[in-house]
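Proteins get letters first, then strands, A, B, ... in listed order; numbering begins at 1 in each.
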Protein chains: 2
Amino acid sequence: MTSSPSGRRAPRGSLSAAATRRVERPAPLRQAVYDALLELIVNRTLAPGQHLVEAELAEYLGVSRQPVREALQRLQTDGWVDLRPAQGAFVHTPTEEEADQLLAVRSVLETYSAKLAAEHATASDVKLLRKLQKAGEEALVSANVERLVKANADLHAAVATIGRNKVLSEMIGLVDRRVRWYYTPIARPRSRDSWNEHAELVAAIADGDAERAGQVMHDHAEQTRQTYHDRKTSESSTDSD
Amino acid sequence: MTSSPSGRRAPRGSLSAAATRRVERPAPLRQAVYDALLELIVNRTLAPGQHLVEAELAEYLGVSRQPVREALQRLQTDGWVDLRPAQGAFVHTPTEEEADQLLAVRSVLETYSAKLAAEHATASDVKLLRKLQKAGEEALVSANVERLVKANADLHAAVATIGRNKVLSEMIGLVDRRVRWYYTPIARPRSRDSWNEHAELVAAIADGDAERAGQVMHDHAEQTRQTYHDRKTSESSTDSD
DNA sequence: GAAGTGCTTTTTGCATACGAAAAGCTGTAT
DNA sequence: ATACAGCTTTTCGTATGCAAAAAGCACTTC
């Protein structure tokens, strides 16, 4: 589709090695803005419900309103901000109901993803999973929440990738990021159990046992969901920050 | 058109009846453009792979490039066009692989949706489903492909809505629309069986039998997927349009 | 003192303008 | 005749400008 050896591109001379690496694209500004804003939202610099004024963001980021607008629109379709017709963008405020719905969908998608992974995993795939598992265990020991969250995300992403279904991977990526956004503040308690379950999952995938992998992932996801609810319940009284 | 005799907006007095109906919003232009372009893509006026030039679309639709750009970006995140960094938008060309992946994801999501529907369905929900089922059967008799496709979409959308999971509903909406885009040209053959399966599904939901509803929906989706593959296989020789 | 009304300010939505990159074309040299 | 190089044209990406709508504020009135 893209590469025709003697085709229109490939200006002059024969380049071989550099062919694989896509020419350094000008880096679309809107993408950078999107990433920057997403980061600000995820790390709570921009609080839920906050009104985002295009001009302010533009000045803060040193760009014009245009790329900011475009980034905000994508942020909307991805569920990070709400774009009210003539009022602008507001950081999305997650409701308990929505969080639960996301966790439910995540459970379903991840379960299927685990099954696919078990069916497709090669030796090197398993090797990668074991490496990520190890990284997770180490992060667990270091008690570094941020590292732990990242390790968790990496493992799940790897499983999705191994499943060889790009559509599914992308969806899981979207859902997981939002779940993590809601969930990060309470990610600590369940870490030990969580990584034990991960180990089981990796084992099932290594065995190529799709049914078991699916079952383990399902239980894992439901555990996470349960933990979220427990937290929420005990939350009603504690009024931190 | 939006004229309210005593002022543009009810300030904070006591209005009761009109409170439910949101004041007619100015209808964001980008949304209209999005809908228009999506329509053009779905009905093949804009062919897969075609290069969409912003200026052309803008002139054709009688607007400036700005709303067109914004619409194109949303179309990208929804998977309808590919936005190449410095080259513009191209109507997405669905590959067989991607179609299958979408059908697989759809199967998983719809199965869960059916389970939820069975758990949540009220008497009036069932009534609605039966009405939609009837509409589908009638469309089947009329042999009107377009009507049939719409009836099918309506039923599935209704099931999703009854499941009371908005996140899931939206996802199903996105996936289904794309599946239908790929699938419409070959929607005919399986209609009869398809609606028999629908009837079974509605019955299971009416019984509140989540397990059975899920099973029926799963089989239904997999049948669709199978049909797609069969078509594709017999397609290699026939070279229509 | 409270409520309503009109005005001002702010902010979005859309349009236009300009610079830069990419693609295509033409001319020339081998 | 072919291939390369430079130029031209097209089209995107970003910035800026302008009008309309919404929110906020102060004033007036009861």
Which salt bridge (charged side-chain N to carboxylate O under 4.0 Å, His left out) pairs, counting each pair once, include a residue from residues 37-51 of chain B, with sequence neighbours left out? none
Sequence neighbours left out, what pairs pass salt bridge (charged side-chain N to carboxylate O under 4.0 Å, His left out) with at least one residue falling in residues 101-113 of chain A? A/R106-A/D176
Excluding sequence neighbours, so at least two apart, what forms side-chain contact (heavy atoms from CB on, under 4.5 Å) with B/S107? B/T111, B/H218, B/A221, B/E222
Tell me which residues in residues 51-61 of chain A lie within less than 4.0 Å of DNA chain D, going by non-hydrogen atoms. none
Considering residues at least two apart in sequence or located in another chain, which fulfil the side-chain contact (heavy atoms from CB on, under 4.5 Å) criterion with B/Q226? B/H229, B/D230
So what does A/R69 hit on the nucleic acid, given a heavy-atom distance under 4.0 Å: a base, only sugar-phosphate, or nothing? base
Can you give me the bend angle of the helix from C/dG1-D/dC30 to C/dT30-D/dA1? Use the axis through the first five pairs and the one through the last five, nearest 10 degrees. 0°
Between the protein and nucleotides 6-10 of chain D, list the N/O to N/O atom pairs that are separated by less than 3.5 angstrom.
none

For nucleotides 15-17 of chain C, tabulate all protein N/O to nucleotide N/O atom pairs closer than 3.5 Å, reporting atom names and distance.
| unit_1 | atom_1 | unit_2 | atom_2 | d |
| --- | --- | --- | --- | --- |
| C/dA15 | OP2 | B/S64 | N | 2.8 |
| C/dA15 | OP2 | B/S64 | OG | 2.7 |
| C/dA15 | O5' | B/S64 | OG | 3.4 |

For A/K150, all residues meeting salt bridge (Lys or Arg N to Asp or Glu O under 4.0 Å), sequence neighbours excluded: A/D154
Applying side-chain contact (heavy atoms from CB on, under 4.5 Å), can you list everything that pairs with A/A121, at least two apart in sequence or on another chain? A/D125, A/V126, A/I162, A/I205
Does anything in residues 43-98 of chain B pair up under ring pair (Phe, Tyr, Trp, His ring centres under 6.0 Å), and if so which pairs, sequence neighbours excluded? B/H51-B/F90, B/W80-B/W181
Could you go through residues 166-175 of chain B and list every donor-acceptor pair under 3.5 Å that involves a side-chain atom there, pairing it with any protein atom two or more places apart or in another chain?
| unit_1 | atom_1 | unit_2 | atom_2 | d |
| --- | --- | --- | --- | --- |
| B/S169 | OG | B/A160 | O | 3.1 |
| B/S169 | OG | B/N165 | O | 3.3 |

